Trainee: 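Just passing along the structure, written as structure tokens.
What you see is a predicted model; the values in this text were computed from it and never measured. Protein chains get the first letters and strands the later ones, always in sequence-line order, with residue 1 at the start of each. What you see below is based on every heavy atom in this structure, not just the backbone, and it leaves out hydrogens, waters and symmetry mates.
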Amino acid sequence: MSEATKETTNFIKTIIEEDLASGKHSKIITRFPPEPNGYLHIGHAKSICLNFGIAKQYNGTCHLRFDDTNPEKEETEYVESIMNDVKWLGFDWGENLFYASSYFDQLYEWAVQMIKDGLAFVCHQTLEEIRECRGTAKGKGIESPYRNRSVEENLDLFEKMKNGEFKDGECMLRAKIDMAHPNVLLRDPVMYRIKHVSHHRTGDKWCIYPTYDYAHGQSDAIENITHSICTLEFEAHRPLYEWFLEAIKPLSRPRQIEFARLNLTYTVMSKRLLMKLVKENIVNGWDDPRMPTIAGIRRRGYPPEAVRDFSERIGLAKRESTVSLDLLEHCVRENLNKKARRYMAVINPLKVVVTNYPEDIVEEFDAVNNPEDETAGTRKVPFTREIYIEKDDFMEEPAKKFHRLYPGNEVRLRAAYYITCNDIIKDENGNIVELHCTYDPETKGGSSPDGRKVKGTIHWVSASHNVPVEARLYDTLFKVENPMEFGEGGSFTDNLNPDSLKVTENAYAEVNIKELPQGERFQFERVGYFVIDSDTTSEKTVVNRIVTLKDKWARLQKK
RNA sequence: UGGGGCGUCGUCAAGCGGUAAGACACCAGGUUUUGGUCCUGGCAUCCGGGGGUUCGAAUCCUCCCGCCCCAGCCA
């Protein structure tokens, strides 16, 4: 079950294996090329795992390259968060940290060469003129009147562009391809635009910046990338990617391969929409545990190994798809089940007085830390006459097949004693405020010498020896599988789940919780997996629910 | 309607001419000091649809249908 032994195959790995077998490549080099203009999300995690995973599997390398060709949107803050996220996922780019902006000189030289070869020209058309001349999808385009300028004039003009002699948008460098090409991207695409804007790395050195199409393939070539893996929407760009490579003829010829990006049920993945959730304070920042951002799932408590496992299990193909959140949660549970220690906590307390138990005694029981891992050992849990149990674990009038606590029934308190419910104490409004039970001293530790069976085992916390916790119970941010399905004139925010976060009022956990460091993941038995949140202080312990346990009883009740 | 892609179980996804892997979900049982975990069994006579080629097709040919991407000086 370990992730390392569970590697599957996919069409990209097949291509790589063929290239290795044929001798086309002896070393595989991939790259993860984020634009530093936003936070990474789990969709990026798929790409990161793919690119770094392939490099690892085939003894190659994977570069981290910031695709920073548009200074208007990019910031250093983002490059830091991106590096942090990649590291958290467990990948290491070693010495291979690059920036497209490092290649601006080389890119410029190549552009000059292209002008000399008659493959590029400076165009003075306006934005509107370009748009009109590009033609419609079915009609042909019209050539720019500047298309046939002489090499000398183009060289002179391009130099002036670089030297800042033109205003933003006044002119640009275009590739000379074919205005009648059926693929509109090949109708003399823009290579350089003028932006008198400081760049986060090159400062004011440049006022002309290369476009994605002109920069990406060449950056791949400079880094000797063998397989340039990107998402489906770039498929139509591939002919252009190859055209530039053919025009420039760099030593290295990378190959672009496209795959379908990840979509997940009950969430949205677009940067624009995630930005809106943050900007409008619908969530509490980029690292809100309900966000699909890497920062969000990290704070939520998802283990990076589970994310990697998920990434491997979803497979890879070219057909667009939406993966069920169930699979991600399954990966998280599977990972945590084996690693997370168990503790007890009562989320919604109901007081129980064990009437035949001495008043001034505190007994300590040994509780198993993790039934899946013997080496995890045991811990001491204090037991007293007054305890809390979960409200849901008691029913005055038991439903069918309910085998927890109800009048006259005996249940096991996990790791402690068997108790039987004798009395229900209610307030003037008829609300149950307290239960009176009796325990059987012979059942110490949770088993009876006579071997009698109890059907239910419930968790509990001492009413006097505990630590109050603020438990943040997270659910999906949206209440429907596809948040983008909304009515006319509506918005994806119409599908927000009003119960995506519930904060407990008076939850109590066993004292051992106090020792756990921030970021520690564990299970509250029978409740779910939790993590110590960064909002925890010496006065207040805050825990986030990572994921619930599967609940067969809840399913039974629905029937 | 121009160009580029894609259509296999509820959701992902193998399969590449020899008679539909696997995972998640779901259903039914068993074990159990977590109604958790674990274990056992079930779950596409059928591969978007129609024709054709072939002893034999999800895999080849053909026509049709559906969905996605492309008209930023974004990536």
Side-chain angles (χ1 to χ4, degrees), chain A residues 6 8-10 33-35 37 67-70 72-74 123 125-127 130-132 134-141 168-174 181-187 189-195 208-209 211-213 215-216 230-239 258 260 262 265 271 310 313-331 333-334 337-338 342 344 367-368 371-372 401-404 412-416 418 443 445-447 454-459 481 523-528 548-557:
Chain A
K6 247 166 81 178
T8 50
T9 189
N10 58 54
E35 181 187 14
N37 72 340
D67 216 344
D68 53 355
T69 56
N70 185 352
E72 286 173 335
K73 307 176 160 186
E74 297 149 5
C123 181
Q125 283 189 306
T126 62
L127 214 190
I130 288 201
R131 190 176 294 149
E132 283 168 25
R134 185 151 34 219
T136 60
K138 51 185 299 192
K140 291 179 172 153
D168 285 11
E170 202 172 334
C171 57
M172 73 220 75
L173 186 73
R174 289 227 253 168
H181 199 103
N183 179 345
V184 293
L185 289 166
L186 283 277
R187 318 243 258 230
V190 175
M191 292 168 62
Y192 272 95
R193 30 16 169 166
I194 299 171
K195 286 177 191 286
I208 57 172
Y209 293 95
T211 56
Y212 165 84
D213 284 314
H216 203 93
C230 62
T231 44
L232 249 32
E233 66 269 27
F234 292 102
E235 204 152 25
H237 293 246
R238 189 172 359 113
E258 312 83 16
L262 171 69
T265 55
K271 277 185 189 174
F310 170 71
R313 291 212 209 185
I314 54 180
L316 192 75
K318 292 191 72 164
R319 75 182 80 102
E320 295 193 50
S321 59
T322 301
V323 176
S324 167
L325 213 216
D326 286 329
L327 181 59
L328 214 207
E329 295 193 332
H330 168 80
C331 293
R333 288 192 186 102
E334 185 176 86
N337 176 50
K338 294 195 180 82
R342 273 61 168 172
M344 288 194 284
V368 173
E372 303 294 314
K401 293 190 181 174
F402 181 81
H403 40 251
R404 275 115 90 152
R412 171 168 39 236
L413 292 177
R414 175 114 237 234
Y418 290 2
T443 59
S447 61
V454 289
K455 280 187 176 172
T457 298
I458 66 176
H459 59 277
E481 283 201 357
Q523 182 190 118
F524 275 149
E525 287 202 84
R526 304 210 306 131
V527 178
T548 59
L549 254 34
K550 286 210 275 185
D551 190 349
K552 207 181 229 173
W553 169 241
R555 211 176 302 147
L556 255 177
Q557 279 179 303

Trainee: For N10(A), give me all partners under side-chain contact (heavy atoms from CB on, under 4.5 Å), at least two apart in sequence or on another chain.
Mentor: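 For N10(A) the side-chain contact (heavy atoms from CB on, under 4.5 Å) partners, ignoring immediate neighbours, are I12(A), K13(A), L316(A).
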Trainee: Can you check the distance between rA14(B) and rC47(B), where both ends of the measurement are the C1' atom (answer in whole Å)?
Mentor: 12 Å
Trainee: Send over the distance from D68(A) CG to rC74(B) P, rounded to a whole Å.
Mentor: 15 Å
Trainee: Just to be sure I understand the rule, does E525(A) reach a base, reach only the sugar-phosphate, or reach nothing, if contact means heavy atoms closer than 4.0 Å?
Mentor: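 Base contact - E525(A) has a heavy atom under 4.0 Å of at least one base atom.
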Trainee: Give none if rG2(B) has no partner; otherwise give the nucleotide forming a Watson-Crick or G-U wobble pair with it, both distances under 3.5 Å.
Mentor: rC70(B)
Trainee: Please state the C1' separation for the pair rC9(B) and rU54(B) - nearest whole angstrom.
Mentor: 28 Å
Trainee: Once you apply a heavy-atom cut-off of 4.0 Å, does E72(A) come out as touching a base, just sugar-phosphate, or nothing?
Mentor: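 No contact at all - E72(A) keeps every heavy atom at 4.0 Å or more from the nucleic acid.
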Trainee: When the P atoms of rA13(B) and rG48(B) are compared, how many Å lie between them, rounded to an integer?
Mentor: 14 Å
Trainee: Which listed nucleotide (rC12(B), rG5(B), rA75(B)) is nearest to the side chain of V323(A)?
Mentor: rC12(B)
Trainee: Under 4.0 Å, counting only non-hydrogen atoms across every strand here, what does T265(A) touch: a base, just sugar-phosphate, or nothing?
Mentor: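 Result for T265(A) = nothing.
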Trainee: Rounded to the Å, how far apart are K338(A) NZ and rU34(B) C1'?
Mentor: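 Spelled out: NZ on K338(A) to C1' on rU34(B) is 16 Å.
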Trainee: Across all strands, who's sitting opposite rC55(B) as a Watson-Crick or G-U wobble pair, both distances under 3.5 Å?
Mentor: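 Pairing partner, where one exists within any strand: rG18(B).
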Trainee: Would you mind classifying the nucleic acid contact of H403(A) as base, sugar-phosphate or nothing, using non-hydrogen atoms under 4.0 angstrom?
Mentor: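 Base: the residue H403(A), judged by heavy atoms under 4.0 Å, touches a nucleobase.
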Trainee: Can you check each nucleotide of nucleotides 66-71 of chain B against protein heavy atoms at under 4.0 Å and return B for base, S for sugar-phosphate only, - for none, in 5' to 3' order?
Mentor: --SSSS
Trainee: Under 4.0 Å, heavy atoms only, any strand: does E235(A) hit a base, just the sugar-phosphate, or nothing?
Mentor: sugar-phosphate
Trainee: Rounded to the nearest 0.5 Å, what separation is found between the CE atom of M172(A) and the OH atom of Y192(A)?
Mentor: 15.0 Å
Trainee: Could you check which of rG35(B), rA13(B), rU34(B) has an atom nearest any side-chain atom of K401(A)?
Mentor: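 The answer is rG35(B), which lies nearest to the side chain.
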Trainee: Listed by chain and number, what are the salt bridge (charged side-chain N to carboxylate O under 4.0 Å, His left out) partners of E525(A), not counting sequence neighbours?
Mentor: R414(A)
Trainee: Are any side-chain N or O atoms of E74(A) and backbone N or O atoms of N70(A), one a donor and one an acceptor, separated by less than 3.5 Å?
Mentor: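 Pair found, side chain donor or acceptor close to backbone of N70(A).
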Trainee: Using a heavy-atom cut-off of 4.0 Å across all strands, would you classify P34(A) as base, sugar-phosphate, or nothing?
Mentor: nothing
Trainee: For E132(A), which residues count as a salt bridge (charged side-chain N to carboxylate O under 4.0 Å, His left out) partner, sequence neighbours excluded?
Mentor: none
Trainee: Would you classify K455(A) as touching base, sugar-phosphate or nothing, given that sugar-phosphate means primed atoms plus P, OP1 and OP2, and contacts are heavy atoms under 4.0 Å?
Mentor: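 The answer is nothing, as K455(A) stays clear of every strand by at least 4.0 Å.
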Trainee: Taking donor-acceptor contacts at under 3.5 Å, does the side chain of E481(A) reach the base of rG10(B)?
Mentor: no
Trainee: With sequence neighbours excluded, tell me which residues meet side-chain contact (heavy atoms from CB on, under 4.5 Å) with T548(A).
Mentor: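 Testing T548(A) for side-chain contact (heavy atoms from CB on, under 4.5 Å), a comparison that skips the adjacent residues, returns R333(A), R545(A).
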Trainee: Between rU1(B) and rC68(B), how far is it from one P atom to the other, in whole Å?
Mentor: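 Taking atom P in both rU1(B) and rC68(B), they lie 13 Å apart.
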Trainee: To the nearest Å, give me how far apart CZ (F524(A)) and P (rG35(B)) are.
Mentor: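 Atom CZ in F524(A) sits about 17 Å away from atom P in rG35(B).
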Trainee: For R193(A) and rA75(B), is the shortest distance between a side-chain N/O and OP1 or OP2 below 4.0 Å?
Mentor: yes
Trainee: Could you tell me the Watson-Crick or G-U partner of rC43(B), where both distances fall under 3.5 Å? Say none if there is no partner.
Mentor: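 Result: none.
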Trainee: Evaluate the side-chain proximity of L549(A) to Q523(A): yes if any heavy-atom separation is below 4.5 Å, no if none is.
Mentor: yes
Trainee: Nearest-Å distance, CZ (R342(A)) to P (rU32(B))?
Mentor: 18 Å
Trainee: Got a sec, which residues hit side chain to side chain donor-acceptor pair (under 3.5 Å) with H237(A), two or more places apart in sequence or on another chain?
Mentor: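 Per chain and number, H237(A) pairs via side chain to side chain donor-acceptor pair (under 3.5 Å) with D213(A).
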Trainee: Compare side-chain N and O positions of T9(A) against OP1 and OP2 of rA14(B) and report whether any pair is under 4.0 Å apart.
Mentor: no
Trainee: In terms of base orientation, is rG35(B) syn or anti, with the syn window spanning 90° either side of 0?
Mentor: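 rG35(B): anti.
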Trainee: Counting only side-chain heavy atoms from C-beta out, which of rG2(B), rC12(B), rG36(B) sits nearest to N337(A)?
Mentor: rG36(B)
Trainee: Mind calculating the distance between CG (L316(A)) and C1' (rG22(B)) to the nearest angstrom?
Mentor: 16 Å
Trainee: Ignoring the backbone of F402(A), work out which of rG35(B), rU37(B), rC12(B) is nearest its side chain.
Mentor: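 That would be rG35(B).
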Trainee: Expressed as a whole number of angstroms, how long is the span from N10(A):CG to rG15(B):C1'?
Mentor: 14 Å
Trainee: For T211(A) and rA75(B), is the shortest distance between a side-chain N/O and OP1 or OP2 below 4.0 Å?
Mentor: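 Answer is no, no contact under 4.0 Å.
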Trainee: Answer yes or no: is there a side-chain heavy-atom contact under 4.5 Å between H216(A) and T69(A)?
Mentor: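 No. Closest side-chain heavy atoms not under 4.5 Å.
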Trainee: Looking at OG1 of T211(A) and CZ of R193(A), how far apart are the two atoms once the value is rounded to the nearest 0.5 Å?
Mentor: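 If I round to the nearest 0.5 Å, the distance is 6.0 Å.
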Trainee: N337(A): what forms a side-chain contact (heavy atoms from CB on, under 4.5 Å) with it, not counting sequence neighbours?
Mentor: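 N337(A) satisfies side-chain contact (heavy atoms from CB on, under 4.5 Å) with R342(A), E372(A), Y529(A) only.
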Trainee: Is the phosphate of rA13(B), meaning OP1 or OP2, less than 4.0 Å from a side-chain N or O of R319(A)?
Mentor: yes
Trainee: In whole Å, I'd like the distance from the CG atom of L173(A) to the P atom of rC73(B).
Mentor: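 Whole-Å distance recorded here is 14 Å.
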Trainee: For the side chain of I130(A), starting at C-beta, report the closest nucleotide among rC73(B), rU37(B), rU34(B).
Mentor: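 The answer is rC73(B), which lies nearest to the side chain.
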Trainee: Using a 4.5 Å cut-off on heavy atoms from C-beta on, say whether the side chain of V323(A) contacts that of L328(A).
Mentor: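 Side-chain contact under 4.5 Å: no.
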Trainee: What interatomic distance, in whole Å, is found between C1' of rC61(B) and the corresponding atom of rC16(B)?
Mentor: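 16 Å, rounded to whole Å.
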Trainee: Identify the nucleotide, in any strand shown, that forms a Watson-Crick or G-U wobble pair with rG7(B), with both distances under 3.5 Å; if there is none, say none.
Mentor: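 When the pairing criteria are applied, rC65(B) turns out to be the nucleotide that pairs with rG7(B).
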Trainee: Polar atoms only, N or O, under 3.5 Å: list the protein pairs with nucleotides 24-28 of chain B and their distances.
Mentor:
unit_1	atom_1	unit_2	atom_2	d
rC27(B)	OP2	R555(A)	NH1	3.4

Trainee: Between atom CZ in R526(A) and atom C1' in rG36(B), what is the gap in whole Å?
Mentor: 10 Å
Trainee: With the criterion set at under 5.5 Å between ring centres and under 30 degrees between planes, would rA75(B) be stacked on Y212(A)?
Mentor: no
Trainee: Going by the rule side-chain contact (heavy atoms from CB on, under 4.5 Å), which residues pair with T322(A) if we only count those two or more places apart in sequence or in a different chain?
Mentor: N263(A), T265(A)
Trainee: For nucleotides rU19(B) and rA57(B), find the distance between their P atoms and express it as a whole number of Å.
Mentor: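 About 12 Å, rounded to a whole number of Å.
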